[in-house]
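Notes follow the structure.
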Amino acid sequence: MKANDSTYGHVADAAAGFFDNGYNCAESMVLALAPADGRTPDGIQRAATALGGGIARAGLTCGCVTGAAVAVGLRLGRTSPDDKDAKERAYRVTGSIARRFEAAFGTTECRKLTGLDFNADNPQEELDRVHSEVCAKLVRFVAEAAAEEIAAAESGRA
């Protein structure tokens, strides 16, 4: 199923739009998934900027996954240290997103997914190819999966 064939395809489309317009994968997740009800400050994508490239280009966990984790926290996270239920819900939802991602792509590691070392001098044509052929697909997948998981949690289904 393509992302835009589902109920949550509009979120995948939004994330893909942010990504194609220059935001990194993590920023795109936060922008597409953050609450639209005024609970988040302008510029919230700034919280995810350093997560791109597998955490500051280190090739670790894909920025789509870590950016989705930031968005889950914005939507479902706790506001006091005593709110253990919200903490567990955020962990559960983020864990589910990460497991779905790993099941679909075999890993959550940016360097394995892209085949690139983002700290090396990569030819622009290779960066462009990975952006369009690899990362764009990951952005759409995670945005849709995260939107589904968040909606289920917000409605009490998860």
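FYI, the numbering just counts along the sequence from 1.
For the pair S96 (side chain) and R92 (backbone), a donor-acceptor distance under 3.5 Å is absent. Between the N122 side chain and the D117 main chain, a donor and an acceptor come within less than 3.5 Å of each other. With hydrogens and angles disregarded, no donor-acceptor distance shorter than 3.5 Å links the side chain of R140 to the backbone of A16. Panel note: side chain T94, backbone Y91; no donor-acceptor pair is recorded below 3.5 Å. Within the 3.5 Å criterion, the main-chain N or O of G17 finds a donor-acceptor partner in the side chain of N21. Between the side chain of R111 and the backbone N or O of A58 there is at least one donor-acceptor pair closer than 3.5 Å.
To the nearest 0.5 Å, atoms CG (L33) and CG (L74) are separated by 9.5 Å. Put simply, SG on C110 and CG on L138 are 8.5 Å apart, with the number rounded to the nearest 0.5 Å.
Between A71 and M29 the shortest heavy-atom distance is CB-O, 4.2 Å. Pairing each heavy atom of Q45 with each of E27, the nearest pair is O-CG, 3.7 Å.
Screening N24, T114, L113 for a side-chain contact (heavy atoms from CB on, under 4.5 Å) with C135, the sole residue that qualifies is T114.
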Intermediate values then yes/no, salt bridge (Lys or Arg N to Asp or Glu O under 4.0 Å), E102 and R99: CA-CA 5 Å; E102 188 165 17; R99 284 187 299 277; over 6 Å; no

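V134 and F118 fall within a single hydrophobic cluster, where Ile, Leu, Val, Met, Phe, Trp and Tyr side chains are chained together by heavy-atom contacts under 4.5 Å. One hydrophobic cluster, built from ILVMFWY side chains closer than 4.5 Å, holds both F141 and V130.
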